[in-house]
S.K.: 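Below you'll find the structure I mean.
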Amino acid sequence: MVEIFQRRVYSRRHESFISGTRGRAVLLHQISHHLFTKGQGDAITSGLMNAFCYKNMNLFSYVMSVLYPESLIRLIMDYYSISFEEAERKMMGLGEVLEMDSDV
């Protein structure tokens with residue numbers, strides 16, 4: 001996630017976010033939580049908040065609009081051993097809750 005934040009890795013979400021208000025509004029509709037339990041989502045959010053918002057909350061919108069969905073996609077990629085594009089489609093579609101360890 002640090003590499004996306006620092007622009008060392010391309011992220012379509014990052015580009016949309018920095019493009020302005022319209023791009024940011026679109027991002028709000030591109031997050032789906034259905035593959036994860038509430039506890040898993042909370043753990044991911046907590047980790048991102050601790051890493052990026054520990055001094056102040058200025059990056060909260062960026063974290064939730066860009067880094068949170070990117071994290072979900074990467075977890076799906078690893079869990080199913082699929083490509084980024086397949087994981088992104090899976091995140092946005094219907095699916096089962098991931099049975100991952102609670103030590104996320």
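Note that the coordinates shown come from a computational prediction; the quantities given were computed from them, not determined experimentally.
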S.K.: To the nearest 0.5 Å, what is the distance between NZ (K90) and CG (L72)?
M.R.: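 K90 NZ to L72 CG: 14.0 Å, rounded to 0.5 Å.
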S.K.: Do you know the tightest heavy-atom contact between P69 and M91?
M.R.: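 Closest approach of P69 to M91, heavy atoms only: O-SD, 4.1 Å.
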S.K.: Would a single hydrophobic cluster contain both Y68 and Y10, if residues Ile, Leu, Val, Met, Phe, Trp and Tyr are joined by side-chain heavy-atom contacts under 4.5 Å?
M.R.: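 Y10 does not cluster with Y68.
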S.K.: Can you tell me which residue pairs pass the salt bridge (charged side-chain N to carboxylate O under 4.0 Å, His left out) test with a partner in residues 55-69, sequence neighbours excluded?
M.R.: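 Checked against salt bridge (charged side-chain N to carboxylate O under 4.0 Å, His left out) - neighbours excluded - no pair reaches residues 55-69.
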S.K.: Taking all heavy atoms of I73 and all of A87, pick out the closest pair and write down the distance.
M.R.: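 Heavy-atom minimum between the residues: O-CB, 3.5 Å.
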S.K.: What heavy-atom pair brings L35 and Q40 nearest, and what distance separates the two atoms?
M.R.: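 Where L35 meets Q40 most closely, the heavy atoms are O-OE1, 4.4 Å.
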S.K.: Only counting residues at least two apart or in another chain, list the ones meeting side chain to side chain contact (heavy atoms under 4.5 Å, CB included) with V26.
M.R.: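 Result, side chain to side chain contact (heavy atoms under 4.5 Å, CB included) vs V26: Q30.
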S.K.: Just to verify, what does R7 make a salt bridge (Lys or Arg N to Asp or Glu O under 4.0 Å) with, not counting sequence neighbours?
M.R.: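 Residues passing salt bridge (Lys or Arg N to Asp or Glu O under 4.0 Å) with R7: none at all.
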S.K.: List for me each residue that meets side chain to side chain contact (heavy atoms under 4.5 Å, CB included) alongside S65, sequence neighbours excluded, and say none if there are none.
M.R.: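 S65: side chain to side chain contact (heavy atoms under 4.5 Å, CB included) contacts with F17, L27, L28, S61.
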S.K.: Of the non-hydrogen atoms in F84 and M77, which two are nearest, and what is the gap between them?
M.R.: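 Taking F84 first and M77 second, the nearest heavy atoms are CA-SD, 3.6 Å.
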S.K.: Restricting to side-chain hydrogen bond (donor to acceptor under 3.5 Å, both in side chains), what partner residues turn up for S81, sequence neighbours left out?
M.R.: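 Result, side-chain hydrogen bond (donor to acceptor under 3.5 Å, both in side chains) vs S81: none returned.
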S.K.: Would you indicate whether the side-chain heavy atoms of M64 and T45 approach each other to under 4.5 Å?
M.R.: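 Sidechains of M64 and T45: in contact.
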S.K.: Among residues at least two apart in sequence or on other chains, which ones pass side chain to side chain contact (heavy atoms under 4.5 Å, CB included) with S46?
M.R.: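 In terms of side chain to side chain contact (heavy atoms under 4.5 Å, CB included), with neighbours along the sequence ignored, S46 is linked to N50.
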S.K.: Which residues pass the side-chain hydrogen bond (donor to acceptor under 3.5 Å, both in side chains) test with E86, not counting sequence neighbours?
M.R.: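 Partners of E86 under the side-chain hydrogen bond (donor to acceptor under 3.5 Å, both in side chains) test: S83.
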S.K.: Mind checking side chain to side chain contact (heavy atoms under 4.5 Å, CB included) for Y54 and listing every partner two or more places apart, or none if nothing turns up?
M.R.: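 In terms of side chain to side chain contact (heavy atoms under 4.5 Å, CB included), with neighbours along the sequence ignored, Y54 is linked to no residue.
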S.K.: If you round to the nearest 0.5 Å, how far is CZ of R74 from CD1 of I4?
M.R.: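 Interatomic distance, I4 CD1 to R74 CZ, rounded to 0.5 Å: 4.0 Å.
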S.K.: Just to verify, what does D78 make a salt bridge (Lys or Arg N to Asp or Glu O under 4.0 Å) with, not counting sequence neighbours?
M.R.: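 So D78 forms no salt bridge (Lys or Arg N to Asp or Glu O under 4.0 Å) with any residue.
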S.K.: Using the rule given for side chain to side chain contact (heavy atoms under 4.5 Å, CB included), can you reason through R13 versus L67, listing the C-alpha separation, both sets of side-chain angles and the distance that settles it, and then say yes or no?
M.R.: CA-CA 8 Å; R13 283 178 178 76; L67 299 181; over 6 Å; no
S.K.: Return the CZ to CG distance between F36 and L75, rounded to the nearest 0.5 Å.
M.R.: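 The CZ atom of F36 sits 5.0 Å away from the CG atom of L75.
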S.K.: Taking everything shown except F60 itself, do over 12 heavy atoms lie less than 6.0 Å from its CZ?
M.R.: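 Atom CZ in F60 is not packed in, count stays at 12 or less.
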S.K.: Determine the minimum heavy-atom distance between S11 and V66, stating which atoms define it.
M.R.: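 Scanning both residues, the minimum pair turns out to be OG-CG1, 4.2 Å.
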S.K.: Kindly write out the residues that satisfy side-chain hydrogen bond (donor to acceptor under 3.5 Å, both in side chains) with K38, not counting sequence neighbours, or none if the list is empty.
M.R.: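 Per chain and number, K38 pairs via side-chain hydrogen bond (donor to acceptor under 3.5 Å, both in side chains) with D42.
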S.K.: Under the rule for ring-ring contact (aromatic ring centres under 6.0 Å, His included), what residues qualify as partners of F52, not counting sequence neighbours?
M.R.: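 Partners of F52 under the ring-ring contact (aromatic ring centres under 6.0 Å, His included) test: F5.
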S.K.: E85: which residues meet the side-chain hydrogen bond (donor to acceptor under 3.5 Å, both in side chains) condition with it, sequence neighbours left out?
M.R.: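 side-chain hydrogen bond (donor to acceptor under 3.5 Å, both in side chains) list for E85, sorted by chain: empty.
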